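Report on the structure given below.
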Amino acid sequence: MNIGARLSVMMFLQFFIWGAWYVTVGNFMKAHGMAAAIADAYTVGPIAAILSPFFLGMVADRFFSTERILGVMHVAGGIVLCCAPFAIQGAEAQQGLFIGILLLYMLFYMPTLGLTNTLAFHNIVDQERQFPIIRVFGTIGWIVANVFVSYVLVADEKALQFYVAGGAGILLGIYSFSLPHTPPPMAGRAARAKDILGLDSLALMKSPSFAVFMVSSFLICIPLAAYYAYAPVFVNAVGSAKAAAAAGEAGFFKYPAFVMSTGQMSEIIFMLVMPFFFRRLGVKGMLLVGMGAWVLRYGLFAVGAPETITWMILFGILLHGICYDFFFVTGQIYVDKKAGPAIRGQAQGFLVLVTQGIGMLIGAQVTGRIFNGIVGETGTLADWAQFWWIPCVAAAVIMAAFALLFHDRATASVVDVSEGDVATAAIIEEHP
């Protein structure tokens with residue numbers, strides 16, 4: 001098979017696995033009396049993301065080929081995820097055990113996000129043109145998972161979602177062993193603490209623009225966490241409100257994960273046109289548009305919630321293409337350009353640590369406390385409106401600060417690693 005097609009299959013399965021349970025787990029927990037712990041379920045991923053750079057720096061960049069590590073991690077993770085339903089005994093839910101299983105699973109899964117990016121970047125030659133096309137198949141995988149679990153299986157609140165995701169994980173693990181050989185970039189070099197901890201990637205922070213990018217990415221992931229944890233629960237609440245109205249029909253909104261998948265459908269379109277916008281807007285423009293889309297999304301949720309103005313809520317979800325692609329994917333490309341091949345794995349792991357790790361961890365806990373205080377088990381749609389205004393304002397403030405402080409005129413920074421030492425972090429043509 002063509003290398004692009006093989007990498008596309010990898011991305012499809014990578015995000016099918018995540019999409020098959022991550023969107024629906026909140027409604028599953030609410031149905032089994034665990035609504036107060038939804039924030040904890042969305043905290044285990046960030047905890048795993050914090051630990052994953054240590055794994056990437058110690059193992060992925062040094063001892064084993066990327067495709068083999070990817071295979072082992074997915075097979076082991078798939079088996080663990082299939083055990084999650086055992087935490088539910090009839091009508092009783094063992095909340096601590098359930099969260100523990102999810103944590104163990106995410107310790108296997110989260111490093112694979114960096115591994116798949118590293119493997120893809122290593123085997124393509126034009127990142128800005130080829131990577132968005134390959135990555136779009138990950139979005140397709142997420143959509144297919146949402147539609148299959150929510151619309152076909154009607155399993156938003158059922159344990160079946162974990163069997164689907166776990167089985168797909170085992171399949172990807174087996175498939176990974178057939179992917180192109182991707183040797184570890186630090187193979188044969190003496191192990192040092194700074195290498196194991198991934199400290200070489202910290203040299204990139206010498207660039208003022210890169211430092212602003214990383215700090216802004218961290219901060220904005222705090223309000224962003226509200227969407228991932230609570231938007232599916234919000235959609236479910238809107239569907240219930242519509243069903244309880246005089247018309248008595250929830251319509252499209254009775255399939256929460258299916259509704260959420262429309263965001264990934266728009267993501268496909270924007271992923272494909274990313275090269276066009278990248279050339280015209282540049283890194284700063286792309287990131288600002290992405291941040292602005294998050295502000296608009298939360299504003300639409302807040303305004304549309306009290307009267308169940310479904311077009312506003314749907315439009316907010318459809319903004320996901322801009323929200324995710326223009327911010328997260330642009331960030332991945334920016335980091336790859338800054339890092340260079342020698343510490344590519346460490347740099348991508350560093351990005352995961354800051355965004356999916358520390359940022360989302362703090363965000364999940366902060367928004368969880370806000371949710372439990374404002375909405376909780378019995379909150380009204382008016383309470384939901386109050387909830388959504390908070391991340392809206394927070395994202396707007398961070399976007400304004402980024403616009404003022406980020407001044408990168410080129411992405412041609414190079415970190416030259418020679419004999420395991422960071423010799424230079426040359427910032428080329430960076431000026432206000």
Side-chain angles (χ1 to χ4, degrees), residues 117 121 126-129 131-132 198-224 270 273-297 319 322-344 346-360 362-363 391-417 422-432:
N117 285 340
F121 283 129
D126 187 344
Q127 290 91 345
E128 291 179 14
R129 183 180 64 85
F131 185 69
L199 298 182
D200 282 340
S201 60
L202 292 179
L204 295 169
M205 296 296 284
K206 293 179 181 179
S207 161
S209 64
F210 187 85
V212 169
F213 163 74
M214 294 302 295
V215 172
S216 299
S217 297
F218 157 68
L219 290 175
I220 205 164
C221 278
I222 296 174
L224 265 52
F270 286 101
V273 299
M274 264 193 73
F276 172 83
F277 285 104
F278 208 105
R279 288 192 297 271
R280 285 155 181 79
L281 298 177
V283 170
K284 183 173 182 177
M286 294 283 284
L287 293 171
L288 279 174
V289 170
M291 291 178 178
W294 281 97
V295 176
L296 178 58
R297 157 184 278 171
L319 282 172
I322 301 176
C323 291
Y324 188 88
D325 295 343
F326 280 45
F327 184 76
F328 284 106
V329 178
T330 296
Q332 291 167 2
I333 294 172
Y334 176 70
V335 168
D336 187 72
K337 289 286 188 180
K338 283 285 189 180
I343 58 167
R344 177 174 288 151
Q346 286 188 26
Q348 291 293 338
F350 184 42
L351 180 63
V352 170
L353 167 66
V354 171
T355 57
Q356 304 283 352
I358 301 172
M360 288 293 185
I362 295 174
C392 176
V393 173
V397 171
I398 297 164
M399 179 184 72
F402 177 80
L404 290 172
L405 298 174
F406 186 83
H407 300 291
D408 196 345
R409 293 292 184 265
T411 58
S413 296
V414 178
V415 174
D416 181 17
V417 179
V422 177
T424 180
I427 311 305
I428 301 175
E429 296 180 5
E430 184 178 315
H431 52 78

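Since we're looking at a predicted model, the values are computed, not measured. Along the sequence shown, the residues carry numbers beginning at 1.
In this structure, the separation between CE on Met286 and CZ on Arg279 is 10.5 Å, given to the nearest 0.5 Å. The distance from atom CG of Leu224 to atom CG of Leu219, rounded to the nearest 0.5 Å, is 11.5 Å. Taking OH of Tyr324 as the reference point, atom CH2 of Trp294 lies at 10.0 Å (rounded to 0.5 Å). Atom CZ of Phe350 sits about 4.5 Å away from atom CE of Met214, to the nearest 0.5 Å. For the atom pair Lys284 NZ and Thr330 OG1, the distance stands at 15.0 Å (nearest 0.5 Å). Within the model, atoms CD of Gln356 and OG of Ser217 stand 11.0 Å from one another, a figure rounded to the nearest 0.5 Å.
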With a 3.5 Å cut-off and sequence neighbours excluded, list the donor-acceptor pairs that the side chains of residues 395-403 form with protein atoms.
none

As a quick check of understanding, evaluate side-chain contact (heavy atoms from CB on, under 4.5 Å) for Cys221 and Phe328, giving each step before the final call. CA-CA 10 Å; Cys221 278; Phe328 284 106; 4.0 Å; yes

Starting from the C-alpha separation in whole Å, work towards a yes-or-no answer on side-chain contact (heavy atoms from CB on, under 4.5 Å) for Leu281 and Phe326. CA-CA 10 Å; Leu281 298 177; Phe326 280 45; 4.3 Å; yes

Where do Leu288 and Phe406 land on the side-chain contact (heavy atoms from CB on, under 4.5 Å) test, with the steps shown first? CA-CA 10 Å; Leu288 279 174; Phe406 186 83; over 6 Å; no

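Taking both residues in full, the closest heavy atoms of Lys338 and Ser209 are given as NZ-OG, 3.8 Å, listed atom of the first, atom of the second, then distance. Here the closest heavy-atom approach between residue Leu351 and residue Val335 is recorded as CD2-CG2, 4.0 Å. Taking each heavy atom of Leu287 and Phe327 in turn, the nearest pair found is CD2-O, 3.6 Å. Shortest non-hydrogen contact noted between Ala293 and Leu319 is O-CD1, 3.8 Å.
The shortest distance between side-chain heavy atoms of Phe278 and Ile333 falls below 4.5 Å.
Checked against the 6.0 Å centroid threshold, Phe121 and Phe131 count as a close aromatic pair.
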